[in-house]
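Written out below as structure tokens is the structure these notes cover.
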Amino acid sequence: MLYRSTRGRFGPVTASQAIKLGIAPDGGLFVPTDPVTIENPDRLINSTYQERAEAILQPFLTDFTGAEVRECVQSAYNTVRFDTPAIAPLYKLAPGLHLLELWHGPTCAFKDMALQILPHFLKKATEKTGEDAEIVILVATSGDTGKAALEGFRDVPGTRIMVFYPEQGVSEVQKRQMVTQEGGNVSVVAVRGNFDDAQSGVKAIFTDETVKADLAIRGYKFSSANSINWGRLVPQIVYYFSAYLDLRRDGEIGPREAVNFVVPTGNFGNILAGFYARRMGLPIRRLICAANRNNVLTDFIRTGVYDRNRAFVRTISPSMDILISSNLERLLFELTGHDDRVSRWMEQLRSSGCYAVDADTARAVAELFWSDFADDAETINTIRNTYREYGYPMDTHTAVGRVVYGKYRAATGDATKTVIVSTASPFKFNESVSIALLDTETVFGRTEFELLEILSGLTGWVVPPGLRNLDKKPVLHDTVVNREEMKDAILRILRK
Ligand SMILES: *Cc1c(COP(=O)(O)O)cnc(C)c1O
């Protein structure tokens, strides 16, 4: 399988090259040149998560041997890194309604599903392509990617990792997880601004020829651990298959019975993996895109107009506070049959913050996707009601999914069995979860770290090891920069 850029001016390249580069030099994202299909997925009904992962990943990584793919899978998905042998277990909330729990990895959010395996892909990819430069991973994070990438890449030989996070845009737990990160090859920098500032800053540096030349002389090369890297996206396809196969195994659905997935969405990476799973033959009826008040995707899916010219809203689901959803570019490239219209739309997005797709493309989007959004009050109410009704504590992002699923049912009457993708542990966003589940006096004046214990006492769930004692660890990273200073910060770190 080969990969080409969505901007049409680069490629084809092998999977190793695409993963090593992260983003294409023409500013586009890598996509497979040809569709992949999985014959008879039901043969994997009784397989483990690891076996399913090998079967799904191999056709995308044809320049990796079977043994190499297996090695990557085994190193990533095991019970040292994950707290359950199921890796991505399904929880049955109600008849026909399931939660796919993607937060059993070391950092308690779904980013671990990809970032535990990406460093292994990247290491093999650099070996295969005869690369001798040290790979510098640049990450912009809305909170969860940063920590997951730091955990995945810490002390991986031949790599350095630098994470940029919005100073005011992450929770206390998220921030602490990052600024206390240990490892000889890690840097963490706060940016004054929001996630979009951090992300566009990083994207600009990737395509800045003078920076690249300066680094090449010093023996460094950039790559990305954001979901613009194909190596981030492809492992996410696995859990859509795995959820379906678990439903089949447990007798919840019949042969070829289609299901819906509800996906709390920000950068459009998670839900795009669902799109690829469907293209590969997985029976998915609808992909329901759940947004928060930053509902640029909801408007796009309904109207075909993408317009980021609106106020950025800080919400209690901060990992979805995004106005530029990078992976939409891949979807549009696939839906237009790899057409250069996409380059024009992306240029319009860059110059004016807005583009409108043609009617055929808009129709194709709306046929497969459906979208609505939840505000913070709806999110809190849903966490509370779900706990009262089922005794299940949901995190804020997952709760956005549940609100939107309710709106979908009401609007369409579609009773197809549904999986809500649960993207974070409730402990990770414990302040909001506590506000939903406890009375004000209990929550008021407490730190997030005290609330962890209180929540644990209430629910009987144990505090995940990755979140314990975070307040007692020393702060190792305290640099804060303006967006324009990101480039200098990188050069300063690498020139040390
Ligand atoms: C990253 C993240 C999301 C959004 O996923 P995208 O792939 O960016 O759409 C949702 N929830 C949580 C908890 C996340 O960390």
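Read the numbers this way: they start at 1 and go in the same order the structure lists the ligands and their atoms. Owing to the predicted nature of the structure, the values given are computational and were not obtained by experimental measurement.
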Once the angle between the rings of Tyr276 and Trp230 is folded into 0 to 90°, is it parallel (under 30°), tilted (30 to 60°) or perpendicular (over 60°)?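 Geometry flag for Trp230 against Tyr276: perpendicular rings.
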How about Ser326 and Gln199: does a side-chain donor come under 3.5 Å of a side-chain acceptor?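 Yes.
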Would you say Tyr239 and Asn270 are linked by a side-chain donor-acceptor pair, where the criterion is simply a distance under 3.5 Å?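 Indeed, the side chains of Asn270 and Tyr239 share at least one donor-acceptor pair under 3.5 Å.
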Can a cation-pi geometry be assigned to Lys407 and Phe373, taking NZ or CZ under 6.0 Å from the six-membered ring centre and within 45° of the ring axis?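 Yes, Lys407 lies over the aromatic ring of Phe373.
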Anything under 3.5 Å between an N or O on ligand 1 and a protein N or O? List each pair with its distance, or write none.
from: ligand 1; atom 1: 7 (O); to: Gly269; atom 2: N; distance (Å): 3.2
from: ligand 1; atom 1: 7 (O); to: Asn270; atom 2: N; distance (Å): 2.8
from: ligand 1; atom 1: 8 (O); to: Asn267; atom 2: N; distance (Å): 2.7
from: ligand 1; atom 1: 9 (O); to: Gly266; atom 2: N; distance (Å): 2.8
from: ligand 1; atom 1: 9 (O); to: Asn267; atom 2: N; distance (Å): 3.2
from: ligand 1; atom 1: 9 (O); to: Phe268; atom 2: N; distance (Å): 3.1
from: ligand 1; atom 1: 11 (N); to: Thr423; atom 2: OG1; distance (Å): 2.8
from: ligand 1; atom 1: 15 (O); to: Lys111; atom 2: NZ; distance (Å): 2.5
from: ligand 1; atom 1: 15 (O); to: Asp144; atom 2: OD2; distance (Å): 2.5

Return the CG to OG distance between Leu90 and Ser242, rounded to the nearest 0.5 Å.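 With rounding to 0.5 Å, CG (Leu90) is 7.5 Å from OG (Ser242).
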When the ring centroid of Tyr408 is compared with that of Trp370, is the distance short of 6.0 Å?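 They qualify: ring centres under 6.0 Å apart.
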